[in-house]
Protein chains: 2
Amino acid sequence: MGRSITASRVRSTGDRPRIEDVAALAGTTAITVSRALHRPEKVAAETRRKVLEAVAALGYIPNLAASALASRRSRILALVVPTIANSVFADTVHGFSDAVTAAGLQLLLGQGTYAPETEHRLLTALVGRRPDAIAVIGIVRRTETRELLRRAGVPIAEIWDLTATPIDLVVGFSNRAAGHAMTRFLVGRGRRHIAFVGGDDDRAAARRDGYAAALGESGLAPGGADIRVADISYGAGRRALRALLEAAPAVDAAFFATDVLAVGALLECREMGIAVPGRIAIAGLGDLEIARELSPALTTVRVPSYDIGRRAAELLLARIAGDAVASAVTDLGFEIIARESA
Amino acid sequence: MGRSITASRVRSTGDRPRIEDVAALAGTTAITVSRALHRPEKVAAETRRKVLEAVAALGYIPNLAASALASRRSRILALVVPTIANSVFADTVHGFSDAVTAAGLQLLLGQGTYAPETEHRLLTALVGRRPDAIAVIGIVRRTETRELLRRAGVPIAEIWDLTATPIDLVVGFSNRAAGHAMTRFLVGRGRRHIAFVGGDDDRAAARRDGYAAALGESGLAPGGADIRVADISYGAGRRALRALLEAAPAVDAAFFATDVLAVGALLECREMGIAVPGRIAIAGLGDLEIARELSPALTTVRVPSYDIGRRAAELLLARIAGDAVASAVTDLGFEIIARESA
DNA sequence: TCCCATCGTGACAGCGCTAACATACTCGAC
DNA sequence: GTCGAGTATGTTAGCGCTGTCACGATGGGA
């Protein structure tokens, strides 16, 4: 049945050439071809030349699935993101992709993990591909999922928020500290009725936490109703601002969990003729490009989205290469960008 | 040497369980486990139960690289994008990912193909993974690369622009027609000195083409210097607007190849006190969310970014399943969204 | 009663590659 | 000339899964 029984080793037309076809044409054997391609220094220059010639002549492209199976190295890095339709996460994917590509590996992307259930399913599927490492945006909460990742037996990075108890590595910044710092900043600007507006994901919750702690330290009470948004959009930011002013007329500052919401609020203020920062200060988080282009320009927290992705990939690659990674926790920090809106 | 020589088939700790381990625990053989997982209707209910129990007990996750090798189906779809840090492409990735995930396959993402050379290298690497289908944003120009894809022997989709001579499938809209339609729209609004501003990629070039054709039909000359931007950002849009007004003071309309540039121009006009659309009309393409939130709201071309990704994946999946795809060309159209800026 | 279709299961081989060991050959030291 | 070390290449045996065929059991129709 097998090809090896047939007299000729020439492949039928339409089939892709295999490593043996290359070897035959180059007058050598499969293993030498493999070495010529992966460890050229182990092969005589003349042999290498013949092999490369044969590769070119046949248009040979190694089957990486077979390679992965035999070598137990897939040369794939998996990355899991809540959604890609969010430019800060897109930047992280970008950074991750750049580092992965530079190292000659490939990126397997999993998307859609705001629910723990989907996250688990998605990760199971990804683990099946036996990636050399896995990165996940967010801290993995479900015990079962953490166990799944641990058992995958490869380096794991949880990225975008810090935790003292990572599965393996963490790369990000403290969302809590960022929330705290911005709130202190607003207090420092003389604001006394500061509201927080955000969604319900973990990162927003951490920022809200930091906000609450900073208020407590300053002896202040929350400056408005607890406004939660269901989706992250400019429109949601507008609506949230209106709801806030209605529910808490005394509010003098609004800190939004993300710039998209803050920008929406800024636009709404302009249309309603509400002075910013006169009547109310507006602050965001993310430092989107649009934030600095509006007027008043948005005061925000700059966050290393691209670097988180890039650094995570680099650390994972180092781990794969067997290099010791100094610390399990990589804090990339953040920066308050004071502009006109607060 | 091999595992089969050892007396016991129980795996050493740390190793992942294989299909044979599951089979042993379920009291059956590997092939039955494979069938129980992939074609459950082919296996007796009782056997299936035992297999699933064993799978759960061992935490077995099939090795998809081995599966791909044996079955010649990788269950991977590859997608290649110029950059992901551009929200319209991110939407396309999103749509593609949704369809791929829904079908139980996985997404291999390649990023960074504004240069033909990188595109070729990236695609070579992706083809090595033997995806079941490949989608590429843009029309593949290089003959060598087209040949590479053709020889991959799987369905191929070129997406985001139409062409009469696709490698296999095309899904998108006519960038030329969109440029044409918006230009006609501006002419219809009484504009006579219409400028076009965009980058140098293929899509911008097609839009510029349509613009030039529409001007010709209306007996008009280009309304300004030929402004090319090097990067796509709000800042670039601002600078382009200033450059345009300086180079061609008579200009009464500016059509930007993408909304990001148009939004930048709109912001610049506001700051410079230039009346829009009084002094100059501004139009874009893409229909970003911010476009409708600004005032004046941006007149633009709505483009089916998400649907292009989703539809491309669906068509590719249909092809893989052996269904005939009605037409090689899928035109998803576009829509002029007339708002206040033009 | 026999036959053949159908169902459930299994044996075997192979997908295309590489790790590990084995072998041949070269060259300089003694 | 012999030996050992180093270099270049080859042989063998899988990696973990599934396609293909084969086989036994069951059951309904002639």
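In what follows, chains carry the letters A, B, and so on, assigned in the order in which the sequence lines appear, proteins first and then strands, with residues in each chain numbered from 1.
- Distances shorter than 4.0 Å separate some side-chain N or O of A/Ser34 from OP1 or OP2 on C/dT18.
- Distance from the side chain of B/Ile31 is smallest to D/dG19 among D/dC17, D/dG19, D/dT9.
- Salt-bridge annotation for A/Asp161 and A/Arg203: absent, with no side-chain N of the basic residue lying under 4.0 Å from a carboxylate O of the acidic one.
- Both B/Lys42 and B/Ala66 lie near DNA chain C, and the one whose nearest nucleotide falls closer to the 5' end is B/Lys42.
- Among the heavy atoms of the strands, none lies under 4.0 Å from B/Arg130.
- Inter-residue side-chain proximity for A/Leu316 and A/Phe96 is flagged as met; some heavy-atom pair is nearer than 4.5 Å.
- Nearest-nucleotide positions on DNA chain D place A/Glu41 closer to the 5' end than the other of A/Glu41 and A/Ala30.
- On a pure distance criterion of 3.5 Å, no polar donor-acceptor pair joins the side chain of B/Arg73 and the base of D/dG19.
- A donor and an acceptor atom never sit less than 3.5 Å apart when one is taken from the side chain of A/Arg72 and the other from the base of D/dG14.
- Nearest to the side-chain atoms of A/Ala44 among the listed nucleotides D/dT9, C/dC17, D/dC17 stands D/dT9.
- Rounded to whole Å, atom C1' of C/dT9 lies 14 Å from atom CZ of B/Arg48.
- Residue A/Ser67 has a polar side-chain atom (N or O) positioned under 4.0 Å from OP1 or OP2 of C/dT18.
- Atom-to-atom, CD1 of A/Ile19 to C1' of C/dT18 comes out at 8 Å; the value is rounded to the nearest Å.
- A/Arg141 and A/Glu158 are not joined by a salt bridge, as no carboxylate oxygen comes within less than 4.0 angstrom of a charged side-chain nitrogen.
- Looking at the side chain of B/Thr47, the nearest of the listed nucleotides C/dG8, C/dC17, D/dG10 is C/dG8.
- In this structure, B/Thr32 does not reach the C/dT9 phosphate: none of its side-chain N or O atoms is under 4.0 Å from OP1 or OP2.
- Summarising the geometry, the separation between CZ on A/Arg129 and P on D/dC17 is reported as 13 Å, rounded to the nearest angstrom.
- In the set C/dC17, C/dC15, C/dT9, C/dC15 carries the atom at the smallest distance from any side-chain atom of B/Ala70.
- The interatomic distance linking A/Asp21 (CG) with C/dC15 (P) rounds to 11 Å, in whole Å.
- Under the 4.0 Å criterion applied to side-chain N and carboxylate O atoms, B/Asp21 and B/Arg16 are not assigned as salt-bridge partners.
- Close to C/dT9, at under 4.0 Å from its OP1 or OP2, lies no side-chain N or O of B/Thr29.
- Between the C1' atom of C/dC15 and the CZ atom of A/Arg16 lies a distance of 15 Å, rounded to the nearest Å.
- If you measure from atom CG of B/Leu64 to atom C1' of D/dC17, you get 10 Å, rounded to the nearest angstrom.
- Ion pair A/Arg151/A/Glu147 not flagged as a salt bridge, since none of the NZ, NE, NH1 or NH2 atoms sits closer than 4.0 Å to an Asp/Glu carboxylate oxygen.
- Taking atom CZ of residue B/Arg35 and atom P of nucleotide C/dG10, one finds them 8 Å apart after rounding to whole Å.
- Proximity of B/Thr28 to the phosphate of C/dT9: no side-chain N or O atom is located under 4.0 Å from OP1 or OP2.
- One can place CG of A/Leu69 at 18 Å from P of D/dA13, the figure rounded to the nearest angstrom.
- Using a 4.5 Å heavy-atom cutoff, the side chains of A/Arg310 and A/Glu314 are in contact.
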